Structures are given as C-alpha cells and as structure tokens.
Amino acid sequence: MLLLCLLTTLLFSAAGLAQDSTKVRFYVKGSSDFWIKLDGELLPLSNIQMISRGTHDIEIWSPMHLKYIGEITVLAADSMSFYQELKKDQEYIAYLFEMDKYKRKVFLGRTAPLFAAFAGAVAAPIFFFARKNWHEKTVIEDFKFEYFSSNASGADNIRARYQTTNALFFTSLGMVAGGLTSYALLQRWVKNLKKPVYRQLNPFTVETFEIGFHPVTGTPQVGLTLNF
Amino acid sequence: MRSAITYLLLLLFLAACEPKPKACLDWSDTIEAGTTLDLASCSEDYDFLTWEFSDDRGYVSDVVARIFEKEENMFVKLTAYSDGAYRSDEVILPFKTSFRYVDRMEVIGESNYSALELRMAGGIFLGGDAKGIFTESAPYIVYVWPETKVVVESKRSELAVFGYKNGSEVSLGSKPYNFETYKENPMVMETTDGLLVNVYWTYRD
C-alpha cells in the first residue's frame with residue numbers, strides 16, 4: 001500500500017513538472033539585445049524561456065525602442081513562438097536627424113575646407129610645373145609660327161592646353177587659400193556646435209544606454225553607463 | 001594652419017626665386033660672310049634662346065649655324081628665356097657681314113730674291129725689290145688691300161710662295177689650308193730656305 005502511494009505521488013509530480021512549463025522562443029524586432037519582464041520579474045537574457053502555461057503579463061524592452069506591455073498566453077505544447085515588433089523611440093529618430101544635421105555642419109565647417117585646402121595643396125605643385133612646361137611650349141610654338149611657317153592649329157592647341165593648366169593652377173591656389181580661410185573663420189562656430197546625445201534608461205535595470213558613433217566606421221554603437 | 005601658410009609662401013618663393021636670364025652677345029662688330037658659322041652667345045641662367053635676324057630668319061637653339069651670303073649691315077635680337085619662359089631678357093646687336101680679304105704679305109728673314117710672289121686661290125700677289133734682311137720690326141711687305149680685293153675663299157686651298165732670281169722662278173714651298181675652319185690671322189708658313197711668310201687678312205670697313 002505504501003509502495004503504491006509512493007509510485008502514484010511520483011507519477012503525478014513528474015507529469016505535473018512535464019506539463020506546467022512550455023519552451024517559448026521570443027522573436028523580437030528591435031535591437032540585437034532585449035529584456036523581458038514576465039509578471040513583474042526580469043527573465044534571464046535569452047530568447048528561449050521556459051514559461052508556465054497560462055496567461056502572463058509581459059513587458060519587453062530593447063535599446064532605442066519603446067517598452068512593449070502586453071500579455072502572453074502560454075499554451076500546452078512542447079514549444080511555441082512569440083513574435084513582437086517594438087516601436088522605435090521617437091527621441092531616437094529625432095536624435096538621428098540631429099546627428100545628421102550636426103555631421104553636415106561639421107563637414108561644412110571643418111572637413112570640406114580642410115579637404116579643399118589639402119586637394120589644392122597637392123594639385124598646385126603639379127599644375128605649377130605643368131603650367132611652366134606648357135607656357136614654354138607656347139612661347140616656342142609662337143616663335144616657330146612666326147619664323148618657320150609652322151602649323152597655326154598646333155600653336156593654338158598648345159596655347160589652349162596652357163590656358164587650361166594655368167586655370168587649374170590658380171584654382172588649386174584658390175582652393176588652398178579659400179579652404180584655409182574658411183577653416184579659420186568657421187573654427188569657432190564648429191567648436192561651439194553641440195554634439196547631440198541620445199540617452200535612454202533601461203526601464204528594467206539601472207543602466208543607461210548612450211548612442212555614439214564608431215570613429216572609423218561611422219556606424220552607431222551602444223555605450224553602457226551604469227548609474228548607482 | 002601655420003604649416004599651410006609656410007607651404008604657400010614656399011610655393012611663391014619657388015616661383016619668384018628663379019634667376020632672371022641674361023642675354024649676352026660678345027661678337028665683334030663684323031662677322032664673316034660666305035662661310036657656315038656657329039654663332040654662340042654668352043648668355044647665362046637661361047633655359048632656351050631665340051634668335052631673330054634682320055633678314056627675317058629665326059632660330060630656337062643655343063648655337064645657330066648659318067651662312068651670310070652677302071655683305072650687309074644687319075642686326076640680331078637674342079632673347080634668353082627662363083625655365084617656363086615667364087622671364088626673359090633680350091639684347092639687340094647690330095653687326096655687319098663681310099668676306100675675308102687678303103690684306104698683305106709680310107716676309108721675315110734673309111732674301112736673295114729680286115721679287116717674291118704669293119699665290120693662293122683667287123689671286124697672285126707679286127712684290128719686287130725683295131732682296132735684303134727683313135726683321136719682325138721691319139718686314140718685307142707686299143700690300144694687297146685695298147687696291148686689290150681678293151676674298152679668302154672658304155674652301156680647302158693652299159698658300160704657295162715663289163721667288164725670282166736672275167729672271168727665273170723658284171718655288172719656295174706651299175702649305176695647304178682649310179680656310180673654312182682656319183681663321184687665324186695671320187696665316188703663317190715657312191719657305192724651304194727659311195723665310196717666314198705671314199699672310200694677313202682683313203674685313204671690309
């Protein structure tokens with residue numbers, strides 16, 4: 001009798017354990033990381049969770065997205081999937097616009113003038129020597145045209161090349177001078193520009209996420225700040 | 001910023017520090033006609049030269065090889081250009097062209113001949129009363145110019161000297177010359193019996 005009671009108890013408890021929880025796979029459209037709170041309790045960081053059957057309150061949050069609040073009904077099955085698309089945080093979208101505007105201003109005030117000055121500085125010596133060469137040829141061809149009855153179109157062609165090279169040389173010098181002047185004039189304005197910052201508090205923890213941009217690739221990246 | 005300004009100044013300095021060319025001609029006022037001449041200049045700090053002659057001939061070179069066919073008054077404008085031809089200097093030189101004419105023959109040494117004769121392409125010049133001892137300060141002279149105008153022709157030729165004694169002609173030797181390249185003045189030769197013969201040439205005034 002005692003043995004029968006023991007067997008019955010074991011069978012019931014095993015059956016109960018096996019049927020109370022269901023493996024739930026979470027597919028969340030948001031950032032790569034997301035946090036889940038089930039009935040007020042934070043679940044471990046994983047997209048596969050063992051959840052007991054029945055209806056539960058669920059909260060999901062992912063950086064740069066709004067927190068989702070809803071219900072999940074876990075069915076009596078071996079496993080099930082839960083799909084949820086999180087809405088983008090409007091502040092993050094505004095931050096992206098601000099960042100874009102900021103980067104454009106930095107480009108206009110610093111990068112573009114320096115790039116123009118650099119390009120001009122590289123091109124100027126090249127056109128300086130090319131200009132000399134073509135000018136010399138122009139003078140010689142003009143002389144030959146006067147004394148040797150040489151081809152007029154050849155002299156015109158060389159003169160046209162000289163004029164083009166000459167124009168490019170002075171354009172290069174203009175780029176150097178203009179670029180440096182613009183850089184000098186806009187330097188203070190660029191320094192006073194405030195870089196937009198996007199911070200978001202993880203509603204489930206005490207962490208604050210800050211968005212930055214990778215200095216080399218320029219892609220957004222999440223920085224983690226712990227506040228105590 | 002500072003290095004960029006230095007760079008710009010360096011570029012301007014490079015353009016400005018190039019030495020100014022100097023055109024120069026150190027020819028004599030008369031140039032030989034009838035022969036090919038290599039005309040050079042004493043110009044400095046130039047990249048190339050242009051030559052403009054008054055007979056409307058132009059050249060772009062360091063040395064001009066040309067012939068002046070006739071005797072005339074001319075001028076040449078030489079322009080020396082810097083590298084790139086942004087700077088130039090020019091000089092205009094008036095000159096005249098003239099053939100070389102035989103001026104005189106001078107003989108130094110002891111002569112037993114009653115007359116001495118110089119023969120060369122274009123003329124025979126005979127001088128009498130040639131007997132005696134002639135020194136450098138008092139040579140025996142046969143004048144040619146200006147009564148007789150004989151051009152020293154620009155070709156291979158020879159100078160030949162003859163003496164006359166007792167009515168007979170004696171050859172005293174000859175010397176070949178290439179008058180196209182030989183421009184010494186006087187032309188010198190020594191006869192078989194030790195007389196030193198100097199033949200002078202002159203340009204037309």
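Numbered from 1 within each chain, the chains take letters A, B, ... in sequence-line order. Computed from a predicted model, the values in this text were never measured in an experiment.
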Segment of B/F48 engaging chain A (4.5 angstrom heavy-atom cut-off):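 Side chain only.
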
B/T79, part contacting chain A, at a heavy-atom distance under 4.5 Å: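 For B/T79, no heavy atom lies under 4.5 Å from chain A.
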
B/E52 and A/Y147: side chain donor to acceptor below 3.5 Å: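 Result is yes, a qualifying pair exists.
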
Around atom [atom1] of [X], are there more than 12 heavy atoms from other residues, nucleotides or ligands closer than 6.0 Å?
X: B/E180; atom1: CD; value: yes
X: A/R161; atom1: CZ; value: no
X: B/Y182; atom1: OH; value: yes
X: B/K149; atom1: NZ; value: yes
X: B/R66; atom1: CZ; value: yes
X: B/K20; atom1: NZ; value: yes

Chain B interface, residue from A/E136, A/K137, A/R131 that has the most non-hydrogen pairs under 4.5 Å: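 Highest number of pairs under 4.5 Å: A/E136.
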
Any side-chain heavy-atom pair of B/Y86 and A/K132 under 4.5 Å: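 With C-beta onward as the side chain, the pair touches.
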
B/Y59 to A/F148 - nearest heavy-atom pair and separation: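 Looks like CA-CZ, 4.1 Å.
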
Interatomic distance, B/D83 atom CG to A/H135 atom NE2 [nearest 0.5 angstrom]: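 The NE2 atom of A/H135 is 11.5 Å from CG of B/D83, to the nearest 0.5 Å.
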
Point-to-point distance, once rounded to the nearest 0.5 Å, from CG of A/D142 to OG1 of B/T50: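 Here the rounded value is 11.5 Å.
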
